[in-house]
Amino acid sequence: MKLGFFLREAVRAVRRSAAPSFAALATVLVTMLVLGVFIPIVQATDGAADTVRGRVEVDVYMQTSAGAADEVRVRRELLAVPHVHSVQFVSKQQAYAQQSKADPQAYELLGANPLPDTFHVIPDNPANVLAVRNALTPSGHTIDPAVQSVSDRRDDTRKILEVTNLVTITAAALTVLLTIASILLIANTIRLSLYSRRREVEVMKLVGASDWFIRWPFVIEGVVVGAAGALLAIAVLGVTKVALLDPLANNWTLIAAPRTIPFTALIVVLLVAGVAVSALGSGLSLRRFLRV
Amino acid sequence: MIEFRGVSKLYAGDVGLDQATFTVRRGEFVFLVGATGSGKSTLMRLLIKELEPTDGTIRVAGHDLQEITRRRVPYFRRNIGVVFQDFKLLPSRTVYDNVAYALQVTGGSRKEIRAKVPDILRLTGLSTKLHNLPHQLSGGEQQRVSIARAFVNHPPLLLADEPTGNLDPETSIDIMRLLYRINRTGTTVMVATHDQTMVDKMRRRVLELSRGRVVRDEAAGRYARDESTRDLARRLRAPSAPPPGVQ
């Protein structure tokens, strides 16, 4: 009975102040869309950085001109370095076969094989990666003229982390700004609603309605607007996922990003965020403009 | 029912009420008269604890108002019905809904509402106007709705601030008659008014305020207690009031 009364009053209010309610709803919608797009993106880039970081090995790339004699010599030199546990040789042909299987279209375009012979050097202990790398590149040069470059994936990791950070910071800033906008617009909606219903509020006080009985309809009004915005955002994201992302992910492994949030969890996060934002906005206005 | 002891209310530099002391017993009908700004409204607003007195103590229905916490104020107000000159009806709701609203927002059940609202509307003579909106009613009818809303909970105390201020004399008599009918159910009624002839004709207790002071309190004994509402109405319609004390 009570809940029914509150809901009826809230819906009545939303309908009466359609324009500000719509503005607030649209802002919540955009905020939730941004949140819903960036959460998986941040996670995907983070995940990519993690997988790269997880491979503790040093890659030694040979000059493209290097021959079989060079390979034997370099292997011996590598095994002589302290802390080296094992060395695994991948020839150009093997590398090409591997990579072109993973991404046939790209390698068809390339035509010739751009990949060099590579040694994967595994240290005896992950903590010794840096020591091994330094030993392989004394004073800035490589240990053998046949070796073109040495990389311990740290560089790749750093690049990916830079991108991740940029994405995270952008997403965070955008989310914060939009959240503030949402809260203020919800607060404005509730303020207008309070104004248009000042008579009701007056009468309620007069006949002895308790403070929370007066407040609830306004809180619910805000939450209804916020939840509607969040639900619309979820619908848009859901349609985008089913119509666009899923078919793409089936064709390209790159987009089927590792370890992103499951869609149901994302729905819950967005709904909770939408409701929290709107409750906050309502509360803000009630505190300032409703003296009960 | 009401006890004011040395109650003062000062607004910034202005006197609202000055050392007011009086008592109203349960079941009395009291007029509150005085010029604009004499403190009638201040007194009413103190009674529903919308204002706090600067000095003195107020007791209403056994409660010392000072001891009622802010959180308890709404529950205290359910003991008091309030009627205003401007009715304060909700324009987008029907007569029935306006009255039901008072029960809804104080947590009345659907069953209670269905039982009480038609009852009170019958008492106030609005049974045929249930589904009208306030703007479709005359001033007198609107005031009846507002009285119905104030009395639907059967509070022991009913306050009316200029209830006939916007109404013509004939309609005013109807409203006074209704207030008297409510008074006869045992409810204490306090009416603030400018309508001197009405006050003279009704011959009830009169408290007069001037610049915040109680300057006149013509107390009980001056009127016949058990007058029927019909007799009262007949007397009010009479061309001029008989001298006080003569029945």
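Proteins come first, then strands; the chains are lettered A, B, ... in the order of their sequence lines, and each starts at number 1.
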Residue pair A:Ser210 / B:Tyr75: nearest heavy atoms and the distance that separates them
CB-OH, 3.5 Å
Which of residues 92-101 of chain B have a heavy atom under 4.5 Å from any heavy atom of chain A?
B:Ser92, B:Arg93, B:Tyr101
A:Arg191 CZ: over 12 foreign heavy atoms closer than 6.0 Å
no
May I ask you to check whether over 12 heavy atoms, not counting those of A:Phe263, lie within 6.0 Å of atom CZ?
yes
Looking only at heavy atoms and a cut-off of under 4.5 Å, which of B:Ile80, B:Leu90, B:Leu103, B:Val73 has the most pairs with chain A?
B:Leu90
Stepwise side chain to side chain contact (heavy atoms under 4.5 Å, CB included) test for B:Arg77 and A:Lys205
CA-CA 8 Å; B:Arg77 282 194 189 148; A:Lys205 283 191 215 172; 4.1 Å; yes
Set of residues satisfying side-chain contact (heavy atoms from CB on, under 4.5 Å) with respect to B:Thr106, sequence neighbours excluded:
A:Val207, B:Arg78, B:Asn153
So, the part of B:Leu89 with a heavy atom under 4.5 Å from chain A: the answer is backbone
Does atom OH of B:Tyr11 have more than 12 heavy-atom neighbours, drawn from other residues, nucleotides or ligands, at distances under 6.0 Å?
yes
Counting neighbours of CZ on A:Arg198 that are heavy atoms of other residues, nucleotides or ligands and sit closer than 6.0 Å, is the number greater than 12?
yes
Would you say that more than 12 heavy atoms from the other residues, nucleotides or ligands in this model lie under 6.0 Å from the CD of B:Glu52, or not?
yes
Would you please test A:Glu9 and B:Gln104 for side chain to side chain contact (heavy atoms under 4.5 Å, CB included) and show each step?
CA-CA 11 Å; A:Glu9 292 293 300; B:Gln104 277 173 337; 5.6 Å; no
Contact origin within B:Pro155 toward chain A - heavy atom pairs under 4.5 Å:
neither
Of the non-hydrogen atoms in B:Pro74 and A:Ala209, which two are nearest, and what is the gap between them?
CB-O, 3.4 Å
Applying side chain to side chain contact (heavy atoms under 4.5 Å, CB included), run through B:Val105 and A:Glu200 and close with a yes or a no.
CA-CA 10 Å; B:Val105 301; A:Glu200 267 98 334; over 6 Å; no
Quick check: are there more than 12 heavy atoms from other residues, nucleotides or ligands sitting under 6.0 Å from NE2 of B:His135?
yes
Against chain A, label B:Phe84 side chain, backbone, both or neither, depending on which of its atoms sit under 4.5 Å from a heavy atom there.
side chain
Tell me if the CZ atom of A:Arg199 is crowded by more than 12 foreign heavy atoms within 6.0 Å.
yes
